[in-house]
Each structure stands twice: as C-alpha cells, then as structure tokens.
Amino acid sequence: MDEVTISRAITETFLKEFLEAMEVDVAIAGAGPSGLVAAYYLAEGGHKTAVFERQLRLGGGMPGGGMMFNRIVLQEEGKKILDEFGVRTKKYEKGYYIADALETISTLCSKTIKAGARVFNLISVEDVVIREGNRISGLVLNWSAVPWSKLHVDPLAIRAKLVIDATGHDSEVCHIVVRKIGANLRTATGGVVGEKPMWAEKGEKEIVENTKEVYPGLIVAGMAASAVFGSPRMGAIFGGMLLSGKRAAELAQGILAKG
Ligand code: 48F
C-alpha cells in the first residue's frame, strides 16, 4: 500500500464530489434530524441535494436524546416515518412510542447518503447568495476550522435552486438573511420571531405548519421553523422534527416542479 496513492484517492474522490455539489437543486444547512430527513426524501425523488454540516459528526441534537438519556419519543405520525426508514420503535403507552436515539440517527445518516444526497461535514454556512430577482440562489461556505481558529480566510460559494435552513434552534441562515437585507421574512415581524418556552403538544403541531418558504428560495425546517415563526420548543419528542423534514422536501419538490 502506497501512502501517496491513499492520499490521492481521498483527495481526488472528495474533490470530484465537492465540485458536483457546486450546482444543486437543493442545498441544506445542517445535518440534524430535520435536514437529513429532508435530504433523504429529496434524493429519493431524484433531486440533486447537498447537506452542509458544521460539526465533525452528523445528527445535531438527536444522539443526546433527552438530557443525555439516548432515547427519543414519537407520536403515531412520527413513528410512521421511522417505519419507512426501518428504525425499530416500541410502544410505551397509547400514542407514545420510544426509539433508540443512536439507532435512529445512524439509520437516518446511512439511508440519506445511500439515497444519493451528498453530505459534507466540517463545513459551515456563513452567508447566502442573492442575485437578480432578490431570491436566495446559493450558499457561502467555509471550513468550520476557519471561524473556530478565528482565521481571516475568504469563503467559497455554491449555487442552489432552493436552500433549506435546518440549523436548529439558532436558525442561522434566517438570521443571516435578516442581518444582511433587513426584516423581510414572511413572518409576523419580518424577522426571526424567536422560540417560545416548552409546550410539547403545541410545538409538535406548529412545527409542521411553520415549515414554509420563508423568503424566496429559502425553506425553513425543524427547530429553525419553530424559532423563526415563534412557536414553543417541544423537548425530546422528535416526531415533529421528522415530519417537518418530510414536509420541507415536499414543499421543495413542489417549487422545483413549477420551475
Ligand atoms: O439542532 P439540530 O438537531 O436541528 P433539528 O433538525 O432538530 C432539533 C432537535 O435535534 C432538538 C429538538 C427536538 O425537540 O429540539 O434540538 O431542527 O441540528 C442542526 C444542525 O445544524 C448544524 C448544527 O451543527 C446541527 O448539527 N448547523 C448549525 N448552524 C450551521 C450548521 C451552519 N451555519 N452551517 C452548517 N451547519
């Protein structure tokens, strides 16, 4: 085995995939449960999809379950999505199902990548591209090591027909848009309204309703949707997160079909 052949194999195949991801149908910021589920259904539907995740590992808040107890709770509708992915669930009591957080997130990662979505870790979304028509048309990316090391290094950009903000509680892409071009989101205030305290049932219901195109070319999914539209958090029940990811993919497919 030759060291340089190993190095060339890694560099060449990675760069080929990264170059292919420079023009995609949908670019997703964040590889938590909502971003991964959205990417899975988009890739399954034949759409060129890339996910950019800041951290070394994928999964966002899912592996931690509730307060580091690595279990997640699902309601009936959420359980159905895990059935589609082939993740085992157990009935806890009527209307409540439990799943292993690690089995769930590892399966979401594996199925999403095998469906054809390109997933890149250690890359942070630091800005958006807005050109003619005042529509979001791409993402500005940098290696996460750059901001972590406080280095002054310019980013690179990719083009996307649609962007999904699946960055969780911080709703980072939406914050960037508001910071750069003012409070022009399709929310009550035009800005990021802000997440409300915990109320599991209301939070689970509203997260799917809040999964919308919040600005031309920008869909919001998962906890970012709750934060942007001002809905309550829901804690370690994850059905809404999965349903929001699926809803984001359906919305994106509808918009892409219209051209
Ligand atoms: O936080 P996260 O898991 O978001 P989610 O899919 O799911 C939320 C639940 O995990 C949980 C919950 C359940 O009730 O509330 O929190 O909505 O995943 C978001 C991912 O986005 C990454 C971040 O590292 C995490 O893995 N992320 C955040 N900002 C950026 C980013 C960014 N600017 N660029 C790239 N990745």
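None of the values given here were measured: they were computed from a predicted structure. As the structure lists them, so they are numbered: ligands from 1, and atoms in each ligand from 1.
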Problem set entry | NZ/NE/NH1/NH2 to OD/OE distance under 4.0 Å, D25 and K161 | yes
Exercise. Which residue holds the protein heavy atom closest to atom 36 (N) of ligand 1, what is that atom called, and what is the gap in Å?
Worked result: R54 N, 3.1 Å
Seminar exercise, completed: Among non-hydrogen protein atoms, atom 17 (O) of ligand 1 lies closest to M223 N, 2.7 Å
Exercise. So, the side chain of E204 versus the backbone of G240: is there a donor-acceptor pair under 3.5 Å, distance only?
Worked result: yes
Exercise. Would one find an N or O of I123, backbone or side chain, under 3.5 Å from an N or O of ligand 1?
Worked result: no
Problem set entry | From L242, I98, T104, residue fulfilling side chain to side chain contact (heavy atoms under 4.5 Å, CB included) relative to L74 | L242
For this session: Please report which non-hydrogen protein atom sits nearest to atom 1 (O) of ligand 1, along with the residue it belongs to and the distance in Å to one decimal place.
Result: G168 CA, 3.7 Å
Seminar exercise, completed: side chain to side chain contact (heavy atoms under 4.5 Å, CB included) test vs L243 passes for just one of I81, V37, I207, namely I81
Exercise. Quick one: which ligand 1 atoms are inside 4.0 Å of a heavy atom on M62?
Worked result: 10 (O)
Problem set entry | Distance from atom 21 (O) of ligand 1 to nearest protein heavy atom, with residue and atom | G30 CA, 3.2 Å
Problem set entry | Cation-pi check, K212 onto F229 ring (under 6.0 Å, within 45° of axis) | yes
Exercise. Against heavy atoms of G32, which atoms of ligand 1 measure under 4.0 Å?
Worked result: 3 (O), 6 (O), 18 (O), 20 (C)
For this session: Considering only NZ, NE, NH1 and NH2 on the basic side and carboxylate oxygens on the acidic side, decide whether E206 and K202 come within less than 4.0 Å.
Result: yes
Problem set entry | Proximity winner for atom 26 (O) of ligand 1, if only heavy atoms of E53, Q55, M198, E204 are counted | E53
For this session: Indicate yes or no: does an N/O atom of M241 lie under 3.5 Å from an N/O atom of ligand 1?
Result: no
For this session: Would you mind telling me if ligand 1 is within reach of the side chain of S34, the backbone, both or neither, using heavy atoms under 4.0 Å?
Result: both
Exercise. Which of the numbered atoms in ligand 1 are below 4.0 angstrom from a heavy atom of F52?
Worked result: 35 (C), 36 (N)
Problem set entry | Closest protein heavy atom (residue, atom, distance) for atom 14 (O) of ligand 1 | G235 O, 2.4 Å
Exercise. Taking everything shown except E201 itself, do over 12 heavy atoms lie less than 6.0 Å from its CD?
Worked result: no
Exercise. Taking the six-membered ring of F85 as reference, does the NZ or CZ atom of K111 fall below 6.0 Å from its centre and within a 45° cone about the axis?
Worked result: no
Exercise. Just heavy atoms, cut-off under 4.0 Å: does E172 contact ligand 1 by side chain, backbone, both, or neither?
Worked result: side chain
Exercise. Any donor and acceptor pair, going by atom type alone, linking the side chain of N121 with main-chain N or O of R57 inside 3.5 Å?
Worked result: no
Exercise. Between G61 and ligand 1, is there a nitrogen or oxygen pair with a distance under 3.5 Å?
Worked result: yes
For this session: Please write down residue, atom name and distance for the protein heavy atom closest to atom 30 (C) of ligand 1.
Result: T167 CG2, 3.7 Å
Problem set entry | Pairing of K80 and E77 as salt bridge, 4.0 angstrom limit | no
Exercise. Going by the order shown, which atoms of ligand 1 are within less than 4.0 Å of some heavy atom of P33?
Worked result: 3 (O), 6 (O), 7 (O), 10 (O)
Exercise. What part of A166, side chain, backbone, both or neither, has a heavy atom within less than 4.0 angstrom of ligand 1?
Worked result: backbone
Problem set entry | Any N or O of V125 closer than 3.5 Å to N or O of ligand 1 | yes
Seminar exercise, completed: So the atoms of ligand 1 within less than 4.0 Å of a heavy atom of G222 turn out to be 17 (O)
Exercise. Is it true that E84 and K246 have a side-chain N and a carboxylate O under 4.0 angstrom from each other?
Worked result: yes
For this session: Inspect the surroundings of NZ in K196 and state if more than 12 heavy atoms from other residues, nucleotides or ligands are less than 6.0 Å away.
Result: yes
Exercise. Purely on distance, is any nitrogen or oxygen of S124 under 3.5 Å from one on ligand 1?
Worked result: no
Exercise. Can you tell which part of F238 has a heavy atom less than 4.0 Å from ligand 1: side chain, backbone, both or neither?
Worked result: side chain
Exercise. Can a salt bridge be assigned to the pair D100 and R88 using a cut-off of 4.0 Å between side-chain N and carboxylate O?
Worked result: no
Exercise. Among R57, H169, E126, M234, which one has a heavy atom closest to atom 15 (O) of ligand 1?
Worked result: H169
